[in-house]
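Structure first, commentary second.
Just so it is clear, the structure is predicted and the values come from calculations on it, not from any experiment. Each chain gets a letter, A, B and so on, in the order the sequences are listed, and its residues count up from 1.
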Amino acid sequence: MRPETAAPTEGVHGPDTRTLVLVWLALLGLTALLVGLSALGQRAAVLGLLTLTPLKAALVFYFFMHLRYEGALLKAILLVTLGTLLIFFGLTYADVAFR
Amino acid sequence: MTTLARPLPHTLPSYLEDSPRRGLAAWLLSTDHKRVAMLYLFSMVSFFFVGVTLGILMRLEQWTLGRTLMSAQTYNALFTVHGVVMIFMFVIPGLPAVFGNFFLPLLIGARDVAFPRLNLASWYFFIVGALLAVLSLFTGKGAPDTGWTFYVPFSLHSGTNVTLAVFAAFVMGWSSILTGINFITTIHRLRAPGMTWHRMPLFCWALYATSWIQLLATPVLGITLILVILERSFGIGIFDPAKGGDPILYQHLFWIYSHPAVYIMILPAMGAISEILPTFARRPIFGYKAIAYSSLSIAAFGSLVWAHHMFTSGMSAFGNMIFSLLTMIVAIPSAIKVFNWTATLYKGSIRFSPALLYAVSFVFLFCVGGLTGVMQGALAINQHVHDTYFIVGHFHYVMFGGTGFAFFAALLYWFPKMFGRMYDRKGAYLSWFPLFVGFNLLYFTMLVLGYMGQPRRYYDHLPGYHTGHLVATVGSWFLAAGLLLLFGNFVRALFKGEKAGDNPWGGVTLEWKVPSPPPVENFEETPVVTGPPYAFEGEAQP
Amino acid sequence: MTSGAHASAHPSDAFGARLGMWLFLVTEILLFGGLFIAYSYMRSRYPHEFHAGGKELNVFLGVLNTAVLLTSSLTMALAVDRIHRSRVRAAAGFTGATVLLGLCFLGIKAVEWGQKFGHGLYPGGPALLALPPGEKVFFGLYFTMTGLHGIHVLAGVSVLTAMAVLLLRGSAAAARPTLLENGGLYWHLVDVVWIYLLPLFYLAA
Amino acid sequence: MGFLNPAATSAQKVDAVFLFVFVLSVAFLLFITGTIVYFLSRYNWKRHPKAEAVEGNTALEITWTVIPLVLFLVMFYYGWTEFSYTRNPPRDAMAVEVLARQWNWTFTYPNGKRTGELYAPLGKPMKLDIRSADVIHGFFVPAFRLKMDAVPGRTNVTWFRPTALGSYDVECSVICGADHSYMLSKVVVVSEEEFKRWYFGPEDAPPPALPASEPMRAGAGEGSPGLAVLARKGCTTCHSLDGGVAVGPTFRGIFGRRDVVVKEGLEREVTADEAYLRRAIQDPQAEIVKGYPPSMPTSPLTERELDDVVEYLKTLR
Ligand code: HEA
Ligand code: HEA
Ligand code: CUA
Ligand SMILES: [Cu+2]
């Protein structure tokens, strides 16, 4: 294994049961919050969409998918992916938003 | 290397002789990366000849005004199938699937790619997709007639077999994605001890960048094609203006993939050229890091420019502006490569060979293609030349003159390694003349026709363009002659070629340190790398 | 001699296998990413129609399904945790629970689609054709995106079922964490996609 | 040949940008090719047996990054300004609606006049609102270096100011089906007086003509008035007069022909008498001739034009 890319693969490297359950509760709580926020109206709903949803996704990535316990490579890969997607969005909007 | 800690032993039989299976199964079920590469090579060259024949037929149709050989419907099917075959079955898998599969593990000192079975599965995806595409010609209401771009709403209304063709492209896309996953993992995990990133040959850098584009862009095409199929079968209304959909959205999604795809085609070609030039100049490549990083930046910037295919579609003024600006910027890394290649010849000790001749022709033809690309990127010029033969000229220069010639150059360079036999070098020089002359006669004329205003995908043309069409058609015959000579030479060498020896060109990267053809395991013992990739000092002259 | 290279270059490279899986997830993200681009493009063209369309959806079922899927993600994560601790039967149990929750999700989805279909709201359906253009697009996207997501859930359920069976049968390959871990990564990604679909269609449309 | 003759202000601007980029490109191409050929011969191993390992040169790398970058930015800027010119019509431009459909062009003027060829007064700006009735087409006038797609569901705008009298090709530039390459028309640039005579003239005023040296396309305006209407309204793009295969049924021998038509889903046989012909022209979607697509548009014809057409169709034996 190459030192630069080797990740801590040995042994158990995930969160323990307690952490997992806490994350799950947080996810449910955030969902409830999102639903509540959306009831307030369109603006609040969009605000929730833009803030709470990425937060929920981050929790899943970070704990359920063990990203927190991985080396830099996998984190970089996810960042590149999301960055690319963001660029696709941004440049599409360069057309759509200025019609 | 690539300077090795010590020379490698040579005792094992070659991969061509060593297989637990017999007959066809030895090929169709083998997960050896070299055999998979051969599967790709032979299936792809066959499709290439199909595509090329369609190209010749199109040229013949333009020989006279009005009908020459076929109906308008047939002509429309011809350029569609020609485009689909050439793009999805030849230039996109082209260098990565053949030379990447064969040489990536060899170049980094690995025994195979990271996921050998997945690798074979990729070929099956490819061949199934390709066969579906062929099937789409003969079933339903005839071959698709929309052009390889499948623009909606025409592709929604067309009665021809668009659905099957689109599905075929979808399947082939997965082949491309799986190959990309495999190569990235291989480069990260399977480099030999001492093979640091900056000791990797440049072809590997190019493949790495290519694989990332395949991963990030191909899925977008996948979903776009699915939407076309859903729209055709269920009328979901996302693209159909009659239902509130928007054709421009389709164009965005299509080009988000298809512009990066042109860099999938050219990057490995550039990588192969970066291997060939130092070997024959017998000196390290000029600006190793500049070339390596420009591959990555082409991959990155390449995903920012897609809408330069849509300048006349009615995109917003701001969109036009920003995409034209970015298009100009993506040309910079290509320019850096061209200058570094030129400088690599400086103060070398150049041995001429067919591979070198094709490689420098690549540089010339790619420059013509690239510079016409820059012209199209300038907004004012684009609105005149868009959808004319100027575009057709541009992309044949970059795809055929670029990727195609690099494919020939790579084949001339690595053929002795892959098969252990040498082709007739004089014959290879000889076929260059008709190829090069015919190429320019055919495609430069197209550039002129395009600026005069000949639209593309035209079955018939106005009388004013007739002379140009005649010249181009004659050029295509020269081209055909050259291609037949070249491939005839290869076929002859497969059976009758003399033994090539392990290192006919005096190359120094790892693939030249193993026997020709290499054994199944590639390396009898794991090589230990101690130096940069192109160190020619102290190497024996061939 | 030849067999070594043919099986897998490095069968023990657990990180390599995970890397491969993550790269595959990259493609899945962009596959759905294309649809998200289409969604936001159309939404900025038809803000009001999207709002009207969103009102027609059953928020209760959507939120319920979110809870189901989030819980299935928890059981999946627990299964992976157990396999790391070599507690194979527990891992199989949690995998089984994940499968059941996945099926539950699909069941609710089926009910929801069934209601829409019952009202003639399906691509080409009479009620849908009567809607203004923007709402047609909204429902087109709704069916496409939830449908594609459903197919992914179905694929995940099949893969996890196979793994649970392998674990119960005591397969050595399945007892190595790699397989279940990769299955889990896939399942969580499907969950993430749904986390986005919920507000896009049910809440903030 | 005449294809390269620029005939509008937009053409002059595009040509200028092209020339600029072209000259730079040729210079770079010659420089690179020359250098490669020179190196190949100068550093051939016979003349230069010992290679020197020059690994790179940072100053050079920066030079050949920055110089092209600056040049590219200039090209972009020049291209963008001249492009913006063609996208921003002046206020006094006459607005003509361009409707594309498989496979012909219809031009509608502000006063409701409708033609199959575009007539434009010399030196006056003309704005085009480009629409499509079915699939995407492309409105392309090579002599004006002007191109704009006709996209269903939206209106794209461009404009031109002609600088020379003459008749110039209009070509469809986006693949739109079998007859894509026959989806042609003309822009006829006439003097302002001639244009006004036609534009303000009566409904059936003869189309504006070029000075005698520029012949009009054969057929249009010659012979019977019915034929002139057919040419003007673009009927002949879909219907042949000589029995040739086209989008719609041929007009040859149409009068008295027995056709199978589909009406409200039912097939029946009709004889093409005068009443039927009038119905088929005025309400084309009501009865569809079997084996043809329901793609014929409704073109408003005056009573007089209708009479002329029907009279003419009778003569096509
Ligand atoms: C291998 C494939 C390939 C490659 C590498 C490229 C490379 C480039 N392409 Fe090309 N392109 C295609 C394949 C490719 N293209 C295809 C298939 C189409 C048509 C699709 C269809 O519609 O069917 C197309 C269409 C296309 C269009 C759309 C035209 C239209 O339809 O209106 C544009 C517009 O900007 C464009 C631009 C460019 C540019 C700027 C580059 C650049 O990357 C080029 C960079 C290279 C150089 C610039 C040369 C070297 C540099 C120097 C020598 C430096 C010195 C020069 C100066 C300072 C001037 N291309
Ligand atoms: C790598 C890609 C590639 C390659 C190599 C080629 C090669 C050729 N193409 Fe290609 N072409 C495309 C990609 C490519 N094309 C694409 C993407 C399009 C756009 C499609 C679209 O609009 O949707 C296109 C469109 C296109 C057009 C435009 C059609 C139109 O707009 O109306 C034309 C017109 O002449 C043409 C001609 C040719 C010719 C003559 C060749 C020649 O190079 C062929 C040379 C021929 C030979 C060298 C023949 C030798 C062999 C034989 C004679 C057969 C012998 C057989 C056996 C031994 C089995 N092509
Ligand atoms: Cu209309 Cu092509
Ligand atoms: Cu492009």
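Side-chain contact between B/Asn340 and D/Trp64 is present, with heavy atoms from C-beta onward closer than 4.5 Å. Side-chain contact between D/Ile175 and B/Thr146 is absent, with no heavy atoms from C-beta onward closer than 4.5 Å. Taking 4.5 Å as the limit, some side-chain heavy atom of D/Gln102 sits within range of a side-chain heavy atom of B/Phe154. Taking the side chain as every heavy atom from C-beta outward, B/Ser324 and D/Trp80 never approach each other to under 4.5 Å. Taking 4.5 Å as the limit, every side-chain heavy atom of D/Ser181 sits out of range of all side-chain heavy atoms of B/Tyr75. By the 4.5 Å heavy-atom criterion applied to side chains, B/Pro153 and D/Pro152 are counted as neighbours. Between D/Lys147 and B/Thr388 the shortest side-chain heavy-atom distance falls below 4.5 Å. Here the side chains of D/Cys176 and B/Tyr151 are not in contact, with every heavy-atom distance at 4.5 Å or above.
At a heavy-atom separation below 4.5 angstrom, chain B is approached by D/Asp134, D/Val135, D/Ile136 within residues 127-139 of chain D.
Heavy atoms closer than 4.5 Å to chain D are found in the backbone of B/Val152, but not in its side chain. Interface remark: D/Tyr38 contributes no atoms to any contact with chain B (heavy atom separation under 4.5 Å). The contact between B/Pro284 and chain D is made by backbone and side chain atoms together, counting heavy-atom distances below 4.5 Å. In this structure, chain D has a heavy atom under 4.5 Å from the backbone of B/Ile285, while its side chain stays farther away. With a threshold of 4.5 angstrom between heavy atoms, D/Phe18 approaches chain B through its backbone and through its side chain. With a 4.5 angstrom heavy-atom cutoff, B/Gln251 touches chain D only via side-chain atoms. Heavy-atom distances place both the backbone and the side chain of D/Val54 under 4.5 Å from chain B. At a 4.5 Å heavy-atom cutoff, B/Thr74 makes no contact with chain D through either its backbone or its side chain. Contacts between B/Pro241 and chain D at a heavy-atom distance below 4.5 Å involve the side chain alone, from C-beta outward. Contacts of B/Phe79 with chain D are made by side-chain atoms alone, with heavy-atom separations under 4.5 Å and no backbone atom involved. Of the two parts of D/Leu71, neither the backbone nor the side chain holds a non-hydrogen atom closer than 4.5 Å to a non-hydrogen atom of chain B. Proximity to chain D (any heavy atom under 4.5 Å) is shown, for B/Ser158, by neither the backbone nor the side chain. For B/His386, the parts lying near chain D are the backbone and the side chain together; criterion is any non-hydrogen pair under 4.5 Å. No part of B/Ala242 comes within reach of chain D, as not one of its non-hydrogen atoms sits under 4.5 angstrom from that chain. For B/Val368, the parts lying under 4.5 angstrom from a heavy atom of chain D are both the backbone and the side chain.
Most heavy-atom pairs under 4.5 Å with chain B, from the set D/Val174, D/Leu40, D/Leu60, D/Thr35: that is D/Leu40. Contact count against chain B (heavy-atom pairs under 4.5 Å) is highest for D/Gly79 among D/Gly79, D/Ala16, D/Ala11. If you tally non-hydrogen atom pairs under 4.5 Å between each of B/Asp246, B/Ile336, B/Leu325, B/Asp145 and chain D, the highest count goes to B/Leu325. Each of D/Thr58, D/Asn88, D/Val157, D/Asn44 has some count of heavy-atom pairs under 4.5 Å with chain B, and the biggest count is that of D/Asn44. Counting heavy-atom pairs closer than 4.5 Å to chain D, the top-ranked of the candidates B/Gly147, B/Pro247, B/Ser71 is B/Pro247.
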Worksheet item: What's the verdict on side-chain contact (heavy atoms from CB on, under 4.5 Å) for D/Thr33 and B/Phe364, showing C-alpha distance, side-chain angles and the deciding distance?
Response: CA-CA 7 Å; D/Thr33 317; B/Phe364 174 80; 3.4 Å; yes

Worksheet entry | Test log, rule side-chain contact (heavy atoms from CB on, under 4.5 Å), inputs B/Val374 and D/Phe72 | CA-CA 8 Å; B/Val374 168; D/Phe72 285 144; 3.8 Å; yes

Discussion item. Before you tell me yes or no, could you show the steps for D/Tyr43 and B/Leu345 under side-chain contact (heavy atoms from CB on, under 4.5 Å), namely the whole-Å CA-CA distance, both residues' side-chain angles and the distance that decides it to 0.1 Å?
Written reply: CA-CA 7 Å; D/Tyr43 298 112; B/Leu345 299 175; 5.9 Å; no

Item to complete: Tell me, with the steps shown, if D/Glu55 and B/Tyr288 meet side-chain contact (heavy atoms from CB on, under 4.5 Å).
Response: CA-CA 7 Å; D/Glu55 306 253 342; B/Tyr288 172 88; over 6 Å; no

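Between the side chain of B/Asn76 and the backbone N or O of D/Gly177, at least one donor-acceptor pair lies under 3.5 Å. Judged by distance alone, with hydrogens and angles left aside, the side-chain atoms of B/Ser349 form a donor-acceptor pair with the main-chain N or O of D/Pro49 at under 3.5 Å.
Contact record, B/Gly314 with D/Arg154: O-NH2, 2.7 Å, taken as the closest heavy-atom pair. Between D/Ala178 and B/Ala72, the closest heavy-atom pair is O-CB, 3.3 Å. Nearest heavy atoms, B/Met452 versus D/Pro142: O-CB, 3.8 Å. The nearest pair of heavy atoms linking B/Gly453 to D/Glu171 is O-OE1, 2.6 Å. For D/Asn156 against B/Ser313, the heavy-atom pair with the smallest separation is ND2-O, 3.2 Å. The minimum heavy-atom distance linking D/Ala51 with B/Arg282 is given by the pair CB-O, 3.1 Å.
Under 3.5 Å, the side chains of B/Thr312 and D/Asp149 contain a donor-acceptor pair of N or O atoms. Side-chain N/O atoms of D/Asp15 and B/Tyr451 include a donor and acceptor closer than 3.5 Å.
Across D/Leu29, D/Ile32, D/Val21, D/Leu24, a single residue satisfies side chain to side chain contact (heavy atoms under 4.5 Å, CB included) together with B/Leu371, and that is D/Leu29.
B/Tyr459 and D/His180 have their aromatic ring centers separated by at least 6.0 angstrom. D/Phe144 and B/His384 have their aromatic ring centers separated by at least 6.0 angstrom.
Heavy-atom contacts from other residues, nucleotides or ligands closer than 6.0 Å to CZ of B/Phe436 number more than 12. Environment of CZ in B/Phe318: crowded, with over 12 heavy atoms of neighbouring residues, nucleotides or ligands closer than 6.0 Å. Environment of CZ in B/Phe444: sparse, with no more than 12 heavy atoms of neighbouring residues, nucleotides or ligands closer than 6.0 Å.
Partners of B/Arg456 under the salt bridge (Lys or Arg N to Asp or Glu O under 4.0 Å) rule, at least two apart in sequence or in another chain, are B/Asp387. Qualifying side-chain hydrogen bond (donor to acceptor under 3.5 Å, both in side chains) partners for B/Gln383, counting only residues two or more places apart in sequence or in other chains: D/Thr86.
Relative ring orientation between B/Tyr346 and D/Phe39 is described as tilted, the plane-to-plane angle lying within the 30° to 60° band.
Residue pairs meeting the salt bridge (Lys or Arg N to Asp or Glu O under 4.0 Å) criterion with at least one member in residues 324-343 of chain B, sequence neighbours excluded, do not occur.
The distance from atom CG of B/Leu379 to atom OH of D/Tyr77, rounded to the nearest 0.5 Å, is 13.0 Å.
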